[in-house]
K.L.:
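Sharing a structure with you now.
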Amino acid sequence: MTQPGAWTHTAARTFRDRHDAGRFLAEQLVDFRRADNLLVLGLPRGGVPVGWEVAAALQAPLDVFLVRKLGVPRWPELAMGALASGGLVVLNDHVVADLGISSEALQTVVDRESAELQRRERAYRGNRPAADLHGRVVILVDDGIATGASVLAAVRAVQAAEPARTVVAVPVGPLSACRKISQEADEVVCATMPAAFDAVGQSYIDFRQVTDDEVRDLLATPTTVAG
């Protein structure tokens with residue numbers, strides 16, 4: 001394993017789909033198979049198929065960790081921050097200030113995304129409680145990093161639960177975002193970092209939207225073998 005705060009990557013690569021990306025990512029994480037009390041957390045929806053492959057390869061349990069992007073009003077694809085399970089809000093202060101987003105407009109977006117986050121919590125887990133993260137080696141997995149806001153929110157929320165170690169692992173992301181995340185996570189593994197990064201989907205042949213049913217099915221499929 002690399003030292004705390006480090007990040008590792010390989011050359012650019014195109015993945016068939018998220019499962020293919022997860023298997024490739026798992027190869028970069030093989031040393032963690034010996035870690036005690038390991039837990040893989042997939043960020044829904046796209047991070048769950050990737051996370052399932054990682055968890056299966058490492059023989060670790062899989063759970064979900066909810067994060068919602070806070071999109072700029074009228075330009076929802078542009079992130080001004082993110083909301084994580086537990087209500088933690090991480091803002092991109094530069095975007096908020098540069099676009100003059102008011103407190104009222106920001107709160108409207110937070111309220112809307114909070115409702116969706118809670119809906120997904122119920123949809124994915126039902127009455128099952130979230131995994132206890134205290135003292136565990138936690139690997140946060142997504143299908144890629146763009147701005148890094150969602151993953152940063154997840155890292156901060158996970159660290160508030162006092163895990164033994166927080167690792168971020170993604171198949172693809174830009175150098176700038178991977179560096180930013182590495183300042184707060186114990187370790188970051190960006191499997192590929194394209195020199196000309198436009199969007200996460202550029203590294204996938206099949207980047208269709210993952211459904212809630214697919215997330216539930218994957219969470220119900222064992223990643224560990226008894227014995």
Side-chain angles (χ1 to χ4, degrees), residues 5 7 41-48 51 63-126 129-134 138 140-163 166-170 172-186 188 190 197-202 207 209-212 215:
W7 53 272
L41 295 179
L43 273 62
R45 300 173 183 146
V48 175
D63 201 354
V64 290
F65 195 80
L66 278 291
V67 178
R68 290 290 297 172
K69 178 177 69 176
L70 299 176
V72 170
R74 296 190 297 170
W75 299 289
E77 292 305 311
L78 176 60
M80 61 179 175
L83 172 74
S85 290
L88 178 70
V89 175
V90 178
L91 294 179
N92 185 327
D93 294 328
H94 293 297
V95 171
V96 173
D98 290 348
L99 296 180
I101 299 169
S102 68
S103 299
E104 293 78 9
L106 174 60
Q107 190 60 51
T108 296
V109 176
V110 169
D111 289 345
R112 182 180 67 243
E113 297 304 335
S114 294
E116 175 61 14
L117 187 147
Q118 292 169 14
R119 183 197 71 80
R120 291 193 182 193
E121 290 270 13
R122 293 190 296 270
Y124 301 150
R125 283 205 189 92
D132 183 7
L133 309 185
H134 182 77
V138 176
L140 275 168
V141 178
D142 204 356
D143 55 9
I145 292 176
T147 66
S150 296
V151 173
L152 184 58
V155 168
R156 291 176 177 173
V158 165
Q159 289 177 335
E162 300 182 340
T166 305
V167 179
V168 171
V170 294
V172 60
L175 174 62
S176 58
C178 292
R179 278 180 169 166
K180 179 170 65 175
I181 299 300
S182 72
Q183 294 172 3
E184 301 206 27
D186 294 308
V188 175
C190 286
F197 181 88
D198 293 318
V200 171
Q202 78 185 69
F207 197 61
Q209 186 175 17
V210 177
T211 67
D212 285 348
V215 171

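Only this structure's heavy atoms are used, side chains among them; waters, hydrogens and symmetry mates stay out.
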K.L.:
Looking at Val67 and Ala82, what are the two nearest heavy atoms and their distance?
P.N.:
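The answer is CG1-CB, 4.0 Å.
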K.L.:
Mind checking whether Asn92 and Thr147 have side chains closer than 4.5 Å, heavy atoms only?
P.N.:
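Asn92 does not reach Thr147 side chain to side chain.
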K.L.:
Going by heavy atoms in the side chains, are Trp75 and Met80 under 4.5 Å from each other?
P.N.:
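Side-chain contact under 4.5 Å: no.
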K.L.:
More than 12 non-hydrogen atoms from neighbouring residues, nucleotides or ligands closer than 6.0 Å to CD on Gln107, yes or no?
P.N.:
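Check passes, neighbour count above 12.
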K.L.:
Grab the two heavy atoms, one from Arg179 and one from Ser182, that are nearest each other, plus how far apart they are.
P.N.:
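Taking every non-hydrogen atom into account, O-OG, 2.6 Å.
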K.L.:
Over all heavy atoms of both residues, which pair between Arg45 and Val215 is shortest? Give the atoms and the distance, please.
P.N.:
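Scanning both residues, the minimum pair turns out to be CB-CG2, 4.0 Å.
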K.L.:
Side chains of Leu106 and Val89: closer than 4.5 Å at any heavy-atom pair?
P.N.:
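No, every pair of side-chain atoms sits at 4.5 Å or beyond.
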K.L.:
Between Pro73 and Ala105, what is the shortest heavy-atom contact and its length?
P.N.:
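In terms of heavy atoms, the two residues are closest at CG-CB, 4.3 Å.
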K.L.:
Once you round to the nearest 0.5 Å, how far does SG of Cys190 lie from CD1 of Ile145?
P.N.:
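These two atoms lie 4.5 Å from each other.
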K.L.:
Between Lys69 and Glu113, is there a side-chain N and carboxylate O pair less than 4.0 Å apart?
P.N.:
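Looking at Glu113 together with Lys69, the answer is no, because their closest N to O distance does not fall below 4.0 Å.
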K.L.:
With no hydrogens and no angle check, is any side-chain donor or acceptor of Arg156 less than 3.5 Å from a backbone partner on Ala84?
P.N.:
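Between the backbone of Ala84 and the side chain of Arg156 there is no qualifying donor-acceptor contact (under 3.5 Å).
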K.L.:
Show your working on side-chain contact (heavy atoms from CB on, under 4.5 Å) between Leu83 and Leu117 and close with a plain yes or no.
P.N.:
CA-CA 8 Å; Leu83 172 74; Leu117 187 147; 4.2 Å; yes
K.L.:
If you take all heavy atoms of Val155 and Thr166, which pair is closest and at what distance?
P.N.:
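Of all heavy-atom pairs spanning Val155 and Thr166, the closest is CG1-CG2, 4.4 Å.
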K.L.:
From Leu70 CG over to Leu78 CG, what is the distance, rounded to the nearest 0.5 angstrom?
P.N.:
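It is 11.5 Å, given to the nearest 0.5 Å.
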K.L.:
Can you measure from NZ (Lys180) to CG (Leu152) and round to the nearest 0.5 angstrom?
P.N.:
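Between atom NZ of Lys180 and atom CG of Leu152 there are 6.5 Å.
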K.L.:
To the nearest 0.5 Å, what is the distance between CD on Glu184 and CD on Gln159?
P.N.:
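Answer rounded to 0.5 Å: 6.5 Å.
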K.L.:
What is the minimum heavy-atom distance between Gly201 and Phe207, and which atoms define it?
P.N.:
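Answer, listing the atom of Gly201 first, then Phe207: CA-CD2, 3.6 Å.
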K.L.:
Ignoring hydrogens and geometry, is there a side-chain-to-backbone donor-acceptor pair from Asp63 to Leu41 under 3.5 Å?
P.N.:
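No, the answer is negative, given that no donor and acceptor are paired below the 3.5 Å cut-off.
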K.L.:
State the CG-CD distance between Leu66 and Glu116, to the nearest 0.5 angstrom.
P.N.:
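With rounding to 0.5 Å, CG (Leu66) is 9.0 Å from CD (Glu116).
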K.L.:
Do Gln118 side-chain atoms and Ala115 backbone N/O form a donor-acceptor pair below 3.5 Å?
P.N.:
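No; judged by distance alone, with no hydrogens or angles, the pair does not exist.
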